[in-house]
Amino acid sequence: MIQRIQSLYLLVSSLFYFNYWFFGMEWFKKGFLILQDVLAEITIPDFIFIIISFIPLIIVTLCIISILLFRNRTLQFSLSTYALRLSLFMCFFTIFYFYNVLQGLIDLMPSKTLEFLMYAAILNPFICSYLIHLAKKSIKKDDDLVNSLNRIR
């Protein structure tokens, strides 16, 4: 299970997204308030905040379930595809979010270490998307290998 490279990619991606959610939720709430001030003419409902704040947890869940389904490669591939789509959504949302609230969050940061971690949080969805993409490629490669072995018999 864990000796396969795609399991490692999915595990690292799920750990990164869990840290992204767990440690960044307080700053996400502060940034969401700044975003509501910046986009004053558009009212953003609170349920959108709730949905977007739990997308990293959904990605973590999909990655963990995908790791556990190592025997069923087609289901593992489709779950990884859903995780990749949600991760790409998080990439686009991160661009939009930090474009609007970056300066306000920098002003709120009490230390340079937290500011550095915020910049790392900006890169996190992009790194995780790449890792999930690599996992999908490895799952596909394994599936092709197994299917080619079945043809020989």
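Quantities reported herein were computed from a predicted structural model and do not represent experimental measurements.
Within the 4.5 Å cutoff, no side-chain heavy atoms of F22 are placed close to those of P56. Residues L11 and C63 are not in side-chain contact: their nearest non-hydrogen atoms beyond the backbone lie 4.5 Å or more apart. Under the 4.5 Å side-chain criterion, counting only non-hydrogen atoms from C-beta, Y20 is in contact with T94. Between Y17 and M90, some side-chain heavy-atom pair lies under the 4.5 Å cut-off.
A tilted orientation is assigned to the rings of F93 and F96, their planes being inclined by 30° to 60°.
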**OP:** Show your working on side chain to side chain contact (heavy atoms under 4.5 Å, CB included) between I55 and F89 and close with a plain yes or no.
**Re:** CA-CA 9 Å; I55 287 177; F89 170 77; 3.4 Å; yes

Original post:
For S13 and Y130, what are the C-alpha separation, side-chain angles and deciding distance, and is it a side-chain hydrogen bond (donor to acceptor under 3.5 Å, both in side chains)?
Top reply: CA-CA 9 Å; S13 178; Y130 182 67; over 6 Å; no

Original post:
Stepwise, does the side chain to side chain contact (heavy atoms under 4.5 Å, CB included) test hold for F18 with L57?
Top reply: CA-CA 7 Å; F18 182 76; L57 278 182; 4.0 Å; yes

**OP:** Go through L10 and S80 one step at a time and tell me if the side chain to side chain contact (heavy atoms under 4.5 Å, CB included) criterion holds.
**Re:** CA-CA 8 Å; L10 291 170; S80 298; 4.0 Å; yes

**OP:** Please assess F98 against M118 for the test side chain to side chain contact (heavy atoms under 4.5 Å, CB included), listing each intermediate value before the final yes or no.
**Re:** CA-CA 10 Å; F98 281 108; M118 185 186 60; 3.9 Å; yes

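With sequence neighbours excluded, no residue forms a side-chain hydrogen bond (donor to acceptor under 3.5 Å, both in side chains) with S138. A search for side-chain hydrogen bond (donor to acceptor under 3.5 Å, both in side chains) contacts involving D142 returns R4, Q6, not counting sequence neighbours.
The two residues K140 and F77 make their nearest non-hydrogen contact at CB-CE1, 4.1 Å. Residue S7 comes nearest to I67 through the heavy atom pair O-CD1, 3.6 Å, listed as atom of the first residue, atom of the second, then distance.
In the hydrophobic cluster analysis, where Ile, Leu, Val, Met, Phe, Trp and Tyr join through side-chain heavy atoms closer than 4.5 angstrom, F23 is grouped together with V60. Criterion: ILVMFWY side-chain heavy atoms under 4.5 Å apart, direct or through other members. Under it, F126 and V12 are not part of a common hydrophobic cluster. Linking Ile, Leu, Val, Met, Phe, Trp and Tyr whenever their side-chain heavy atoms come within less than 4.5 Å leaves L88 and I95 in two separate clusters.
Within the 3.5 Å criterion, the main-chain N or O of I139 finds no donor-acceptor partner in the side chain of D143. Using modelled atom types, no side-chain atom of S87 and backbone atom of A83 make a donor-acceptor pair closer than 3.5 Å.
The CZ atom of F16 sits 11.0 Å away from the CG atom of L123 when rounded to the nearest 0.5 Å. For the atom pair L79 CG and T74 OG1, the distance stands at 9.5 Å (nearest 0.5 Å). For the atom pair D144 CG and R73 CZ, the distance stands at 10.0 Å (nearest 0.5 Å). Atom OH of residue Y9 and atom CG of residue L134 lie 5.0 Å apart, to the nearest 0.5 angstrom. F54 contributes atom CZ, which lies 11.0 Å from atom CD1 of I51 (distance to the nearest 0.5 angstrom).
Results of the side-chain contact (heavy atoms from CB on, under 4.5 Å) test with L86 over L62, I132, T81 single out L62 as the only residue that passes.
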